[in-house]
Amino acid sequence: MLEVLDVSKIFPGVRALDQVSFRLQAGEVHALVGENGAGKSTLIKVLTGVYQPDSGELRYDGRTAQFGTPMDAQHAGISTIYQEVNLIPLMSVAHNLFLGREPRNRLGLLDENRMHRDAREILAGYGVTADVRRRLGTLALGEQQMVALARAVMIDAKVVIMDEPTSSLEPREVETLFGVIRELHGRGIGIIYVSHRLDELYQICDAVTILRDGKVVHTGKLADLERIRLVSLMLGREMSEVRREGATAFSGAATGDTGAAPVLRASGLTSRRKLHDISFEVRPGEVVGLGGLLGAGRSETIKAIGGAYPLDSGDVQVNGVDLKKPTTVRAVRAGIAVQPEDRKAEGIIAGLSVRENIALAVLPQLSRLGLVSESKIDAIVEKYMTRLRIKASSPHQLVGDLSGGNQQKVLLARLLATGPKVLLLDEPTRGIDVGAKAEVQSLIDELAAEGLGVVLVSSDAEELIEGADRVVVLRDGVVVGVLTGAQVTTEDLMSAIAAGGNE
Amino acid sequence: MTMGIAEPRVAAAADTRREERTDRIVGIVQRQGAPAVLILVVLISLAAFPNFRSFDNTATILVAAAPPMLIALGMTFVILTGGIDLSVGSLYVLGGVLAAWASQYGFVAAFAAPLLVCGAIGVANGLLIAYTRMAPFIVTLAALLGARGLMRAISSEGSETFLVKSDAFRRLGNGSFLDIGYQVWLVAGLVVLGMVLLARTGFGRAVYAVGGSEDAAALMGVAVRRTKVWVYVMSGLLAGVAGAINAAKLGSGVTVLGTGMELDAIAAVVIGGTLLTGGAGSIAGTVAGVLLLGVIQNLINQVGNLNSNWQQVISGTFLALVVVAQTYLVKLRRIN
């Protein structure tokens, strides 16, 4: 009933969708899966009128359709529940539910009483019992999601698109959601379901379409597709083709396991809904990979260790010294350096020069009575620019003008300048070109060889396998396996990720 | 797994109850803070100043507050959408001059001229802000300068003062019903209309939605741009009317008024509990804010030996306190 044919969408420098065809049948729950950047979000935005396709055709109810705005799509009966709840936190629950379709009284004015009554009734069906006059923002995320879903279904939707609807839900709420989905399913409503939780997909979806690098790599019945096959299609590694050596610049020599005392020990890291009792340790000179799909808790783990993600319980020790509750300041003092996933938003400061960016984190160490020695800064900047082979016209060039790879190196230089003991890297090679990628990878090897403990998160399975001495595999915030020595292979990684949720 | 879930859930339920209670209390303080302070100030004044008590004095306060009330009413809508309108002070003077000039053609013309011109400037503001996504601050600053220039152009550099020629129009400014000036009744009517519009119509909900989260509002099908255009049009129209009724009261189009009125209006709206970032607030709060500023001014006039500039010092202090309190209250709501 909703279909795209050979749709392409090009952004500057990226082919976000490349000749994608996708078909949703009535009364079908269709899983849409793929790693970050595979094109899922873009496809959803094309389906809902946020983006216009550059080429190809959108068909709805058997006719060619064109949605100029999200409104057009909504009027046609396509509702979307976005990953972050897209309601208005400052408005009441009932007003959010009815915005634009408020019940009127005889004078044409809003009928608040009826609205509150209706809202209570409707939401009760979704397991939400909170006072509907409360501001939406004061509800738990799961409840907000239910309100969003109720709203979507209310507007006579024929198609409901759910983008990671369960990422902020508790198990009980997931059950309620599935109940609603089954009911919609029974009413012949088509559902596009985006999620990285394989258990859920197999529980609720009929069909699946897998995207990778903007292309459809598989589409068909979900029941016919083995879990491990699904994972390998998503990650883009034919199992038979996996080679131990090859595409990355890592030496492959296992440098770790020297028997030394661990430099970093994380134990029992727990954070509401996202992390559950995560423990692992890193020895000096060792590269420990964190594996898993998007949303498994990799970035959260790294941030938690760096003090930038709230923990309910758990300890972080550096060289045997407990950090107490990690805060960013304590973590930096203890020698933990974090390279965040989003380089532009959380890492470099594009409007400052290379020199200023590198010196930023060491300023407190270099200053006496609040005054900073310029020559000491110059020495440090000089050292790391040479060491990391940063290609800039001068230390005074703006970081925003550098290539992605060099920006990443500037960021690494800043981290290294603080003299860390542990380096936490979240997707260090994302979005940088092949040459720079290789350089960053060999740099990681070098740093480890010098005795740093490194934790590496990467969605690139090959990078993870070849870069890491050990891989800790996470799923839904739980450690589901640790690969060591000869087990560190793409096949083992995939089977660990894909293993059923029957533990 | 199953064992571990039960306990946190009980704790979570208690958390939710506490959150609900905090939310309710904070909500009441945010909504009722300004009226409460107003009542408090009035009670103290009644006790301390014998003259404050008189009916005449009350009527004086209300009449003086009438034009600022209209401007603040328009400003409330604008600020609720997350915008700002700096042009209203200029539009107020321009409206006054136009009304006085047009009164030679009769009562209706005296209203039509300021409404047309100020409304048109409001439309221009709204279209530029909504469709070119320029910052409201800049667009309305330009309108502030432009409208002031226009006013000076039609009044020969501000030296020519038009006298109100229409008797009916002048009566609007000086006459009264039940001993309360006509203009107070007019303003009260418009305020009630504004309240109904904001609280009980789809447009009102759209105003809140746009200010609460523009992107979410757009995704939920709210006509974001149309809503934005309308609030600036309303703000312009109300500033024009405010200028007109002031001209009716003064009997002429005085050209030296209105400087800084936009800032007083913003202050009144914020003191009234409307978030400067948009999305939450009320007209009742704005009414209290305007009256509070008016009462403070009145009190300072009563204390004979105090320079009237102290009124601005006190208003400023008030504003700072309210903003600090607001920030704190909002944070309290978020954390829970």
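Predicted model only: the values in this text are computed from it and were never measured.
Neither the backbone nor the side chain of B:Ala223 comes within contact range of chain A; no heavy atom of the residue lies under 4.5 Å from a heavy atom of that chain. The part of A:Asn105 that comes within reach of chain B is its side chain, from C-beta onward, which places non-hydrogen atoms under 4.5 angstrom from that chain.
Atom CD1 of A:Ile88 sits about 12.5 Å away from atom OH of B:Tyr208, to the nearest 0.5 Å. Remark: A:Leu90 CG to B:Leu80 CG distance equals 10.5 Å, nearest 0.5 Å.
Of all heavy-atom pairs between A:Glu112 and B:Ala199, the closest is OE2-O, 3.8 Å.
Around atom CD of A:Gln66, no more than 12 heavy atoms belonging to other residues, nucleotides or ligands sit under 6.0 Å away. Within a 6.0 Å radius of CZ in A:Arg133, no more than 12 heavy atoms belonging to other residues, nucleotides or ligands are found. Residue B:Phe137 places its CZ atom among 12 or fewer non-hydrogen atoms of other residues, nucleotides or ligands, all under 6.0 Å distant.
Of the listed residues (B:Gly279, B:Gly212, B:Ala209, B:Ser213), the greatest number of heavy-atom pairs within a distance under 4.5 Å of chain A belongs to B:Ala209.
Side chain of B:Arg200 to backbone of A:Leu110: a donor-acceptor contact under 3.5 angstrom is found.
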